[in-house]
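The block underneath contains the structure these notes are about, expressed in C-alpha coordinates.
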Amino acid sequence: MKRLSKLTLLLMTAASMTACGKVGERSSLPIPQQPTASTSENAADTNTEELTTAADTTTTAAAAATDGSETVTEASAEVQEAPSVGDADYAPAPVQYDIPGLTYINGILIANKSYSLPADFNPGIDATCQAQFNKLASAAAQQGLNIYFSSGFRSYDYQAQIYNNYVARDGQAVADTYSARPGYSEHQTGLAIDVNQIDDSFIGTPEAIWLENHCHEFGFILRYPQGKQSITGYQYESWHIRYVGTDLSYAIHNSGLTLEEYFGIDSYYHE
(Lines give C-alpha, C1' and ligand atoms only; values in the text may rest on other atoms or scores of the structure.)
Protein backbone atom coordinates (compact mmCIF):
# COMPACT_ATOMS: atom_id res chain seq x y z
CA MET A 1 0.00 0.00 0.00
CA LYS A 2 1.41 3.38 -0.94
CA ARG A 3 2.13 5.89 1.82
CA LEU A 4 1.88 9.68 2.01
CA SER A 5 4.29 11.71 4.09
CA LYS A 6 1.68 14.36 4.84
CA LEU A 7 -2.06 14.54 5.27
CA THR A 8 -4.06 17.71 4.61
CA LEU A 9 -7.52 17.35 6.07
CA LEU A 10 -10.38 18.86 4.11
CA LEU A 11 -12.81 20.78 6.25
CA MET A 12 -16.21 20.50 4.66
CA THR A 13 -19.02 23.00 5.32
CA ALA A 14 -22.62 22.02 4.75
CA ALA A 15 -25.41 24.56 4.32
CA SER A 16 -28.59 24.13 6.30
CA MET A 17 -30.76 21.70 4.33
CA THR A 18 -33.90 19.62 4.80
CA ALA A 19 -33.78 15.92 4.00
CA CYS A 20 -31.75 12.54 5.10
CA GLY A 21 -30.54 10.01 8.14
CA LYS A 22 -30.15 6.47 9.98
CA VAL A 23 -28.20 4.01 12.09
CA GLY A 24 -27.57 0.30 12.51
CA GLU A 25 -29.87 -1.30 15.05
CA ARG A 26 -29.08 -2.95 18.34
CA SER A 27 -31.16 -6.08 17.96
CA SER A 28 -32.03 -7.81 21.19
CA LEU A 29 -35.51 -7.75 19.72
CA PRO A 30 -35.73 -9.90 16.59
CA ILE A 31 -35.88 -7.85 13.40
CA PRO A 32 -39.01 -8.82 11.44
CA GLN A 33 -38.54 -10.08 7.92
CA GLN A 34 -38.66 -7.22 5.46
CA PRO A 35 -41.07 -7.44 2.54
CA THR A 36 -39.62 -7.35 -0.95
CA ALA A 37 -38.63 -3.81 -1.90
CA SER A 38 -40.85 -2.09 -4.42
CA THR A 39 -40.21 1.18 -6.17
CA SER A 40 -43.90 1.97 -5.85
CA GLU A 41 -43.72 1.86 -2.03
CA ASN A 42 -44.94 5.15 -0.57
CA ALA A 43 -46.21 6.58 2.72
CA ALA A 44 -49.45 8.53 2.49
CA ASP A 45 -48.44 11.02 5.15
CA THR A 46 -45.39 12.28 3.27
CA ASN A 47 -45.89 15.23 0.95
CA THR A 48 -42.84 15.05 -1.27
CA GLU A 49 -43.88 18.26 -3.05
CA GLU A 50 -42.82 20.12 0.08
CA LEU A 51 -39.29 18.74 -0.17
CA THR A 52 -36.62 20.59 -2.08
CA THR A 53 -34.90 19.00 -5.05
CA ALA A 54 -31.65 17.13 -4.73
CA ALA A 55 -30.03 19.77 -6.89
CA ASP A 56 -31.18 22.52 -4.55
CA THR A 57 -30.01 20.68 -1.44
CA THR A 58 -26.69 19.51 -2.81
CA THR A 59 -23.69 21.17 -1.26
CA THR A 60 -20.19 20.64 -2.57
CA ALA A 61 -18.14 22.83 -0.29
CA ALA A 62 -14.46 22.09 0.09
CA ALA A 63 -12.28 24.48 2.04
CA ALA A 64 -8.52 24.34 2.21
CA ALA A 65 -7.08 23.23 5.55
CA THR A 66 -6.13 25.93 8.01
CA ASP A 67 -2.63 27.07 8.99
CA GLY A 68 -1.61 24.10 11.12
CA SER A 69 -2.66 21.52 8.55
CA GLU A 70 0.75 21.55 6.85
CA THR A 71 2.47 20.58 10.08
CA VAL A 72 2.66 16.80 10.36
CA THR A 73 3.14 15.27 13.80
CA GLU A 74 5.10 12.06 14.33
CA ALA A 75 1.87 10.16 14.99
CA SER A 76 0.38 11.19 11.66
CA ALA A 77 3.55 11.23 9.56
CA GLU A 78 2.42 8.28 7.46
CA VAL A 79 -1.14 7.73 6.30
CA GLN A 80 -2.66 5.44 3.74
CA GLU A 81 -3.29 6.77 0.28
CA ALA A 82 -6.53 5.85 -1.43
CA PRO A 83 -6.26 3.67 -4.55
CA SER A 84 -6.44 5.56 -7.83
CA VAL A 85 -8.98 5.05 -10.59
CA GLY A 86 -7.89 1.97 -12.52
CA ASP A 87 -6.31 0.36 -9.47
CA ALA A 88 -7.79 -3.06 -8.72
CA ASP A 89 -8.56 -1.91 -5.18
CA TYR A 90 -10.33 1.29 -6.22
CA ALA A 91 -13.97 1.53 -5.15
CA PRO A 92 -16.04 4.26 -6.87
CA ALA A 93 -18.29 6.72 -5.12
CA PRO A 94 -21.93 5.61 -4.75
CA VAL A 95 -24.44 6.37 -7.50
CA GLN A 96 -26.35 9.65 -7.09
CA TYR A 97 -30.11 9.93 -7.53
CA ASP A 98 -31.80 12.98 -9.03
CA ILE A 99 -34.77 12.70 -6.68
CA PRO A 100 -36.45 15.47 -4.66
CA GLY A 101 -35.80 15.37 -0.94
CA LEU A 102 -32.29 13.90 -0.94
CA THR A 103 -29.35 15.76 0.56
CA TYR A 104 -25.92 15.35 -1.01
CA ILE A 105 -22.64 16.81 0.23
CA ASN A 106 -19.65 16.44 -2.05
CA GLY A 107 -21.57 13.74 -3.91
CA ILE A 108 -22.35 11.73 -0.76
CA LEU A 109 -25.93 11.06 0.31
CA ILE A 110 -26.38 12.22 3.90
CA ALA A 111 -28.61 10.29 6.26
CA ASN A 112 -28.75 11.12 9.95
CA LYS A 113 -31.05 12.68 12.54
CA SER A 114 -30.82 16.10 10.90
CA TYR A 115 -31.35 15.00 7.30
CA SER A 116 -34.28 12.78 6.38
CA LEU A 117 -35.22 10.70 3.36
CA PRO A 118 -38.54 10.72 1.49
CA ALA A 119 -40.83 7.92 2.63
CA ASP A 120 -41.05 6.57 -0.92
CA PHE A 121 -37.29 6.51 -1.52
CA ASN A 122 -36.81 2.79 -2.04
CA PRO A 123 -33.55 2.05 -3.91
CA GLY A 124 -32.74 -1.37 -2.46
CA ILE A 125 -29.16 -2.34 -1.66
CA ASP A 126 -26.66 -0.49 -3.85
CA ALA A 127 -25.00 -2.93 -6.26
CA THR A 128 -21.50 -1.51 -5.81
CA CYS A 129 -21.90 -1.49 -2.04
CA GLN A 130 -22.89 -5.16 -2.15
CA ALA A 131 -19.98 -6.07 -4.46
CA GLN A 132 -17.47 -4.26 -2.26
CA PHE A 133 -18.84 -5.95 0.84
CA ASN A 134 -18.34 -9.32 -0.83
CA LYS A 135 -14.69 -8.38 -1.41
CA LEU A 136 -14.38 -7.30 2.22
CA ALA A 137 -15.83 -10.57 3.51
CA SER A 138 -13.53 -12.56 1.23
CA ALA A 139 -10.46 -10.68 2.44
CA ALA A 140 -11.48 -11.27 6.06
CA ALA A 141 -11.96 -14.98 5.35
CA GLN A 142 -8.38 -15.14 4.07
CA GLN A 143 -7.37 -14.01 7.57
CA GLY A 144 -9.47 -16.74 9.17
CA LEU A 145 -12.29 -14.35 10.08
CA ASN A 146 -16.01 -14.71 9.43
CA ILE A 147 -17.72 -11.43 8.53
CA TYR A 148 -21.17 -11.90 7.09
CA PHE A 149 -24.07 -9.75 5.91
CA SER A 150 -26.87 -9.43 8.49
CA SER A 151 -28.93 -6.40 7.48
CA GLY A 152 -28.79 -4.01 4.53
CA PHE A 153 -31.50 -1.96 2.85
CA ARG A 154 -34.58 -1.19 4.93
CA SER A 155 -37.64 0.58 3.59
CA TYR A 156 -39.38 3.41 5.42
CA ASP A 157 -42.22 1.12 6.52
CA TYR A 158 -39.86 -1.64 7.65
CA GLN A 159 -37.84 0.83 9.71
CA ALA A 160 -41.07 2.05 11.28
CA GLN A 161 -41.80 -1.50 12.49
CA ILE A 162 -38.34 -1.84 14.04
CA TYR A 163 -38.34 1.58 15.66
CA ASN A 164 -41.86 1.26 17.08
CA ASN A 165 -40.96 -2.11 18.63
CA TYR A 166 -38.00 -0.55 20.42
CA VAL A 167 -40.05 2.43 21.60
CA ALA A 168 -42.69 0.07 23.00
CA ARG A 169 -40.01 -1.81 24.90
CA ASP A 170 -37.58 0.93 26.04
CA GLY A 171 -39.39 4.25 25.53
CA GLN A 172 -38.62 6.82 22.85
CA ALA A 173 -35.73 8.57 24.60
CA VAL A 174 -33.75 5.35 24.97
CA ALA A 175 -34.74 3.98 21.56
CA ASP A 176 -33.48 7.16 19.91
CA THR A 177 -29.95 6.42 21.15
CA TYR A 178 -29.67 3.24 19.09
CA SER A 179 -32.47 3.15 16.52
CA ALA A 180 -33.48 5.60 13.79
CA ARG A 181 -36.94 6.99 13.36
CA PRO A 182 -38.56 6.06 10.04
CA GLY A 183 -37.34 8.40 7.31
CA TYR A 184 -34.05 9.03 9.13
CA SER A 185 -32.51 5.60 8.66
CA GLU A 186 -29.15 5.28 6.94
CA HIS A 187 -30.19 1.78 5.92
CA GLN A 188 -32.88 3.32 3.71
CA THR A 189 -30.10 4.74 1.50
CA GLY A 190 -29.11 1.21 0.44
CA LEU A 191 -25.53 2.08 1.40
CA ALA A 192 -25.37 0.77 4.98
CA ILE A 193 -24.68 -2.79 6.11
CA ASP A 194 -24.86 -4.39 9.56
CA VAL A 195 -22.62 -7.42 9.95
CA ASN A 196 -22.64 -10.47 12.21
CA GLN A 197 -24.32 -10.00 15.60
CA ILE A 198 -26.21 -6.72 15.55
CA ASP A 199 -25.60 -5.98 19.22
CA ASP A 200 -22.85 -5.28 21.72
CA SER A 201 -21.67 -8.90 21.73
CA PHE A 202 -19.82 -8.11 18.48
CA ILE A 203 -17.69 -5.43 20.18
CA GLY A 204 -14.08 -6.47 20.69
CA THR A 205 -14.28 -9.63 18.61
CA PRO A 206 -11.45 -10.29 16.11
CA GLU A 207 -13.94 -9.60 13.33
CA ALA A 208 -14.96 -6.24 14.84
CA ILE A 209 -11.34 -5.16 15.29
CA TRP A 210 -10.44 -6.16 11.72
CA LEU A 211 -13.54 -4.43 10.34
CA GLU A 212 -12.69 -1.14 12.04
CA ASN A 213 -9.10 -1.25 10.81
CA HIS A 214 -9.70 -2.43 7.25
CA CYS A 215 -13.22 -1.58 6.05
CA HIS A 216 -11.96 1.69 4.51
CA GLU A 217 -9.81 -0.35 2.11
CA PHE A 218 -13.04 -1.47 0.45
CA GLY A 219 -14.80 1.92 0.42
CA PHE A 220 -16.59 1.70 3.79
CA ILE A 221 -16.37 3.67 7.02
CA LEU A 222 -17.29 2.59 10.52
CA ARG A 223 -20.25 4.91 10.80
CA TYR A 224 -20.77 5.15 14.57
CA PRO A 225 -17.37 4.92 16.32
CA GLN A 226 -16.66 4.68 20.03
CA GLY A 227 -16.74 7.99 21.90
CA LYS A 228 -18.62 9.87 19.16
CA GLN A 229 -22.17 9.36 20.40
CA SER A 230 -22.80 13.06 21.01
CA ILE A 231 -21.73 13.81 17.44
CA THR A 232 -23.38 11.02 15.43
CA GLY A 233 -26.46 10.86 17.67
CA TYR A 234 -26.10 7.10 18.15
CA GLN A 235 -24.30 4.69 20.43
CA TYR A 236 -21.11 2.92 19.38
CA GLU A 237 -21.96 0.33 16.72
CA SER A 238 -19.02 -1.88 15.86
CA TRP A 239 -21.16 -3.75 13.33
CA HIS A 240 -22.48 -0.86 11.18
CA ILE A 241 -20.52 0.21 8.11
CA ARG A 242 -21.42 2.75 5.43
CA TYR A 243 -20.27 2.70 1.81
CA VAL A 244 -18.78 5.96 0.49
CA GLY A 245 -16.10 4.80 -1.99
CA THR A 246 -12.34 4.72 -1.42
CA ASP A 247 -11.69 8.38 -2.26
CA LEU A 248 -13.64 9.36 0.85
CA SER A 249 -13.24 6.26 3.03
CA TYR A 250 -9.44 6.65 3.19
CA ALA A 251 -9.71 10.38 3.91
CA ILE A 252 -12.20 9.88 6.73
CA HIS A 253 -10.31 6.91 8.20
CA ASN A 254 -7.02 8.79 8.15
CA SER A 255 -8.61 11.87 9.72
CA GLY A 256 -10.14 10.00 12.66
CA LEU A 257 -13.32 12.01 12.15
CA THR A 258 -16.93 10.92 11.83
CA LEU A 259 -18.93 11.72 8.70
CA GLU A 260 -20.58 14.58 10.60
CA GLU A 261 -17.26 16.08 11.68
CA TYR A 262 -15.71 15.66 8.26
CA PHE A 263 -18.54 17.50 6.51
CA GLY A 264 -19.23 19.94 9.35
CA ILE A 265 -22.87 18.95 9.90
CA ASP A 266 -24.95 18.05 12.94
CA SER A 267 -27.14 15.07 13.77
CA TYR A 268 -30.14 15.67 15.99
CA TYR A 269 -33.88 15.73 15.48
CA HIS A 270 -34.86 19.33 14.74
CA GLU A 271 -38.22 19.42 16.50
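Both backbone and side-chain heavy atoms feed into the values below; hydrogens, waters and symmetry mates do not.
- Side-chain contact check for Thr232 versus Ser267: every heavy-atom pair is 4.5 Å or farther apart.
- Considering every non-hydrogen atom in both Thr189 and Ala111, the closest pair reads CG2-CB, 3.6 Å.
- Between atom CG of residue Leu259 and atom CD1 of residue Ile221 there is a gap of 4.5 Å, rounded to the nearest 0.5 Å.
- The distance from the OG atom of Ser138 to the CZ atom of Phe218 is 8.0 Å, given to the nearest 0.5 Å.
- Atom CG of residue Asn112 and atom CZ of residue Phe263 lie 11.5 Å apart, to the nearest 0.5 angstrom.
- Within the model, atoms CD of Gln235 and CG of Asp176 stand 12.0 Å from one another, a figure rounded to the nearest 0.5 Å.
- Contact between Pro92 and Thr128 at its shortest, heavy atoms only, is CG-CG2, 4.0 Å.
- Between Arg181 and Gln172 the shortest side-chain heavy-atom distance falls below 4.5 Å.
- Val167 and Tyr156 fall into different hydrophobic clusters, where Ile, Leu, Val, Met, Phe, Trp and Tyr side chains are chained together by heavy-atom contacts under 4.5 Å.
- Side-chain contact between Ser179 and Gln159 is present, with heavy atoms from C-beta onward closer than 4.5 Å.
- How far CD1 of Ile265 is from CD1 of Ile105: 4.5 Å, rounded to the nearest 0.5 Å.
- The aromatic rings of Tyr166 and Tyr178 sit perpendicular to each other, their planes meeting at more than 60°, with 30° as the lower class boundary.
- Judged by distance alone, with hydrogens and angles left aside, the side-chain atoms of Tyr158 form no donor-acceptor pair with the main-chain N or O of Gln188 at under 3.5 Å.
- Shown here for Phe149 and Gln130, the closest heavy-atom pair between the two residues is CE1-OE1, 3.9 Å.
- Using a 4.5 Å cut-off between side-chain heavy atoms of Ile, Leu, Val, Met, Phe, Trp and Tyr, with links allowed through other members, Ile198 and Ile203 fall into the same hydrophobic cluster.
- Counting heavy atoms from C-beta outward, Phe202 and Glu207 have side chains that approach closer than 4.5 Å.
- Tyr234 and Ile231 fall into different hydrophobic clusters, where Ile, Leu, Val, Met, Phe, Trp and Tyr are joined by side-chain heavy atoms under 4.5 Å apart, directly or via other members.
- Under a 3.5 Å cut-off, the side chain of Gln229 and the backbone N or O of Gly227 do form a donor-acceptor pair.
- Pairing each heavy atom of Asn196 with each of Ile147, the nearest pair is OD1-CA, 3.4 Å.
- Looking at Phe121 and Leu109, their side chains come closer than 4.5 Å, going by heavy atoms from C-beta outward.
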Quiz item: Between Ile108 and Arg242, does a side chain to side chain contact (heavy atoms under 4.5 Å, CB included) hold up when you go through it step by step?
Solution: CA-CA 11 Å; Ile108 299 300; Arg242 161 70 192 270; 3.7 Å; yes
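- In this structure, the side chains of Trp210 and Thr205 stay at 4.5 Å or more apart for every pair of heavy atoms.
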Quiz item: Would Trp239 and Ser150 satisfy side chain to side chain contact (heavy atoms under 4.5 Å, CB included), going step by step from the backbone distance to the final call?
Solution: CA-CA 9 Å; Trp239 57 88; Ser150 287; over 6 Å; no
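- A chain of hydrophobic side-chain contacts below 4.5 Å, direct or via other Ile, Leu, Val, Met, Phe, Trp or Tyr residues, connects Val174 to Ile162.
- Scanning for salt bridge (Lys or Arg N to Asp or Glu O under 4.0 Å) contacts around Glu260 gives Arg223, with sequence neighbours left out.
- Thr246 approaches Pro83 most closely through the heavy-atom pair CB-CD, 4.0 Å.
- Looking only at side-chain heavy atoms (C-beta outward), Phe133 and Phe220 come within less than 4.5 Å of each other.
- Closest approach of Pro94 to Leu191, counting heavy atoms only: CB-CD2, 3.7 Å.
- Cluster annotation: Tyr163 and Phe153 are assigned to distinct hydrophobic clusters (Ile/Leu/Val/Met/Phe/Trp/Tyr, side-chain heavy-atom contacts under 4.5 Å, transitive).
- Side chain of Ser114 to backbone of Asp266: a donor-acceptor contact under 3.5 angstrom is found.
- Atom-to-atom distance recorded for Glu237:CD and Asp200:CG is 9.0 Å, nearest 0.5 angstrom.
- Listed by chain and residue number, His270 satisfy the ring-ring contact (aromatic ring centres under 6.0 Å, His included) test with Tyr268 (two or more places apart in sequence, or in another chain).
- Remark: the His216 side chain and the Gln80 side chain contain an N/O donor-acceptor pair separated by less than 3.5 Å.
- Taking the side chain as every heavy atom from C-beta outward, Ile125 and Ile193 approach each other to under 4.5 Å.
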Practice problem: Give the C-alpha distance, both sets of side-chain angles, the deciding distance and a yes or no for side-chain hydrogen bond (donor to acceptor under 3.5 Å, both in side chains) between Ser155 and Asp157. | Solution: CA-CA 5 Å; Ser155 69; Asp157 290 341; 5.6 Å; no
